[in-house]
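Input: a single structure, listed below in structure tokens.
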Amino acid sequence: MDYVSALVPPVVMAAFFIGLIVTIVKSQGGDKKAKEDAAVDAAIARAEAAKQGGGAQPGASA
């Protein structure tokens with residue numbers, strides 16, 4: 001019976017890990033993917049504009 005008690009923790013951890021991976025994969029994409037991609041693209045564009053424009057942010061009044 002020692003082999004059973006030695007195998008239970010790794011099997012339980014493997015099952016939880018597989019469940020975690022499945023949850024992560026299922027949550028990728030979907031309806032909100034385009035919105036998330038647009039937000040990231042806008043943030044990158046703002047960062048590049050600030051880098052090229054000498055640090056002035058677009059839309060900021062002087």
Side-chain angles (χ1 to χ4, degrees):
M1 289 306 276
D2 287 339
Y3 63 91
V4 173
S5 63
L7 289 176
V8 168
V11 170
V12 170
M13 287 191 303
F16 279 119
F17 184 71
I18 290 170
L20 175 67
I21 297 301
V22 168
T23 302
I24 290 171
V25 169
K26 283 185 177 182
S27 68
Q28 299 298 311
D31 298 337
K32 298 179 183 173
K33 183 172 180 18
K35 184 177 180 181
E36 292 171 356
D37 288 347
V40 170
D41 290 341
I44 291 172
R46 281 193 305 269
E48 288 177 356
K51 192 184 304 182
Q52 292 176 356
Q57 292 188 0
S61 60

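Every value quoted in this text rests on a predicted model; they were computed, and no experiment measured them.
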Minimum-distance pair of heavy atoms, taken over all atoms of Pro10 and Ala6: CD-O, 3.4 Å
Hydrophobic cluster membership, Val11 vs Tyr3, 4.5 Å side-chain cutoff: no
Spacing of CD1 belonging to Ile21 relative to CD1 belonging to Ile24, to within rounding of 0.5 Å: 5.0 Å
Distance, nearest 0.5 Å, that separates OG1 of Thr23 from CD1 of Ile18: 11.5 Å
Qualifying residues under side-chain hydrogen bond (donor to acceptor under 3.5 Å, both in side chains), relative to Asp37, sequence neighbours excluded: Lys33
Phe17 reachable from Val8 in the ILVMFWY side-chain graph, under 4.5 Å edges: no
